[in-house]
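Here's the structure we're looking at; comments come further down.
Quick caveat, the model's predicted, so the values are computed rather than measured. A note on names: the letters A, B, ... follow the listed sequences, proteins ahead of strands, and every chain is numbered from 1. For the numbers below, each heavy atom of this structure counts, side chains included, while hydrogens, waters and symmetry mates do not.
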Protein chains: 2
Amino acid sequence: MISSRFSVAVHILTLLELHKSGRITSELIAGSVNTNPVVIRRMMSLLNKAGLIHSSPGVAGATLVRPLYEITLLDVYRAVQVGVQEELFAIHENPNPACIVGKNIQSTLETNFAKAQQAMEQELARVTLDQVANDILHAQS
Amino acid sequence: MISSRFSVAVHILTLLELHKSGRITSELIAGSVNTNPVVIRRMMSLLNKAGLIHSSPGVAGATLVRPLYEITLLDVYRAVQVGVQEELFAIHENPNPACIVGKNIQSTLETNFAKAQQAMEQELARVTLDQVANDILHAQS
DNA sequence: TATGTTGTAACGATTATAGTTACACAGCCA
DNA sequence: TGGCTGTGTAACTATAATCGTTACAACATA
């Protein structure tokens with residue numbers, strides 16, 4: 001299961017857009033996400049390193065480096081998956097090479113898994129954050 | 001990250017096909033996968049419950065209920081994901097409903113995440129196990 | 001300078017996974 | 001029928017990821 005860091009990151013970026021003019025602290029964001037401010041700051045550190053936002057020590061808030069319509073869900077996904085295995089599917093290691101199945105299964109599955117992962121990522125790449133933000137701000141509920 | 005149970009299950013099913021005529025024990029399968037026989041039996045228990053194979057206590061091996069060309073990677077994926085959250089993407093819980101973002105982000109993300117997950121699953125559904133087995137048995141390596 | 005904020009280290013709690021031991025029970029064969 | 005082999009499953013351990021939390025140094029600004 002892909003961690004909720006992804007959804008929290010989208011939440012953060014949406015709030016940054018919404019409070020573009022002012023300065024929103026990690027504490028306020030944490031209040032909306034309903035978690036601890038440090039969790040938010042950790043995530044913003046990742047978004048910062050990925051070049052999606054710009055933040056600096058001591059000063060509240062952060063600014064979007066690119067407009068939301070130039071950020072896709074895939075960009076965010078990759079930003080927060082940093083340090084985690086970039087492969088979506090795990091393959092068991094060290095199968096027995098003396099067995100033809102053990103010898104060849106890894107490369108065969110790699111190919112198939114890569115296709116499935118690409119299909120998923122392409123779908124994420126089709127959605128920009130301004131679409132998401134619009135859906136959120138204009139949801140009928 | 002999706003657990004290696006998935007790849008192990010494919011490994012097991014391929015071996016069952018390969019040793020269709022005889023009887024292959026969980027110990028032998030474990031030797032090919034390079035793990036503990038209990039891990040294999042646990043997995044076969046899941047495949048059994050999912051109706052993909054038939055095995056019975058005391059008797060070595062298991063038989064495929066359906067031919068490999070009638071089993072897709074998605075079938076296997078679902079069989080071994082049993083009991084795990086069926087949603088691929090986690091969404092943070094209890095965001096603050098007093099904030100418009102907190103109030104609406106879950107449903108918005110659910111929609112987008114569901115599409116990405118479907119794209120991945122459709123790709124898995126396109127591949128049958130006999131294709132995988134053929135790739136494994138005839139790999140150039 | 002005083003206050004508030006960020007960035008980050010460190011630690012604990014929780015959970016998923018995978019390996020291992022143990023054993024009851026079922027089937028099979030001499 | 002008695003012994004051997006194998007399955008099914010519970011129970012325990014180790015490991016790793018995730019998330020929350022406390023603590024604190026460094027920084028910015030009024």
(message) Minimum heavy-atom separation for His54(A) and Val65(A), please, with both atom names.
(response) N-CG2, 3.8 Å
(request) Map Ala90(B) and Glu27(B) onto DNA chain D by nearest heavy atom, then report which one ends up closer to the 5' terminus. (result) Glu27(B)
(request) Report the nucleotide, chosen from dG7(C), dT17(C), dC19(D), that has the shortest atom-to-atom distance to any side-chain atom of Arg5(B). (result) dT17(C)
(message) Looking only at the side chain of Asn48(B) (C-beta and beyond, no hydrogens), which of the listed nucleotides dG7(C), dC19(D), dG8(D) gets closest?
(response) dG8(D)
(request) Would you please say whether a donor-acceptor pair under 3.5 Å links the side chains of Asn48(B) and Ser45(B)? (result) no
(request) Decide whether Glu121(A) and Gln117(A) meet the rule of one side-chain donor and one side-chain acceptor closer than 3.5 Å. (result) yes
Short side-chain N/O contact to [N] OP1/OP2 from [X], under 4.0 Å:
X        : N       : answer
Thr35(A) : dG20(D) : yes
Ser56(B) : dT7(D)  : no
Ser4(B)  : dT17(C) : no
Ser26(B) : dG6(D)  : no
Thr25(B) : dT5(D)  : no

Whole angstroms only, please: what is the [atom1]-[atom2] distance between [X] and [N]?
X        : N       : atom1 : atom2 : value
Glu93(A) : dT15(D) : CD    : P     : 16 Å
Ile12(A) : dT6(C)  : CD1   : P     : 11 Å
Asn94(B) : dC19(D) : CG    : C1'   : 14 Å
Met43(B) : dA16(C) : CE    : P     : 16 Å
Met1(B)  : dT17(C) : CE    : C1'   : 12 Å
Ile29(A) : dT6(C)  : CD1   : C1'   : 12 Å
His11(A) : dC19(D) : NE2   : P     : 15 Å
Ile2(B)  : dA16(C) : CD1   : P     : 16 Å

(request) Might you confirm whether atom CZ of Arg23(A) has over 12 heavy atoms from other residues, nucleotides or ligands at distances under 6.0 Å? (result) no
(request) Tell whether Arg42(B) reaches the base of dG19(C) with its side chain through a donor-acceptor pair below 3.5 angstrom. (result) yes
(request) Evaluate the ring planes of His92(B) and His11(A), with Trp represented by its six-membered ring, and classify them as parallel (under 30°), tilted (30 to 60°) or perpendicular (over 60°). (result) tilted
(request) Look at the rings of Phe6(A) and Phe113(B) and say which category their plane angle falls in: under 30° parallel, 30 to 60° tilted, over 60° perpendicular. (result) parallel
May I have the list of side-chain donor-acceptor pairs in residues 128-137 of chain A shorter than 3.5 Å, sequence neighbours left out?
from, atom 1, to, atom 2, distance (Å)
Thr128(A), OG1, Asp130(A), OD1, 2.4
Thr128(A), OG1, Gln131(A), OE1, 3.2
Gln131(A), OE1, Thr128(A), N, 2.8
Asn134(A), ND2, Asp130(A), O, 3.4

Restricting both atoms to N or O, compile the protein contacts to nucleotides 21-26 of chain C shorter than 3.5 Å, with distance only.
none

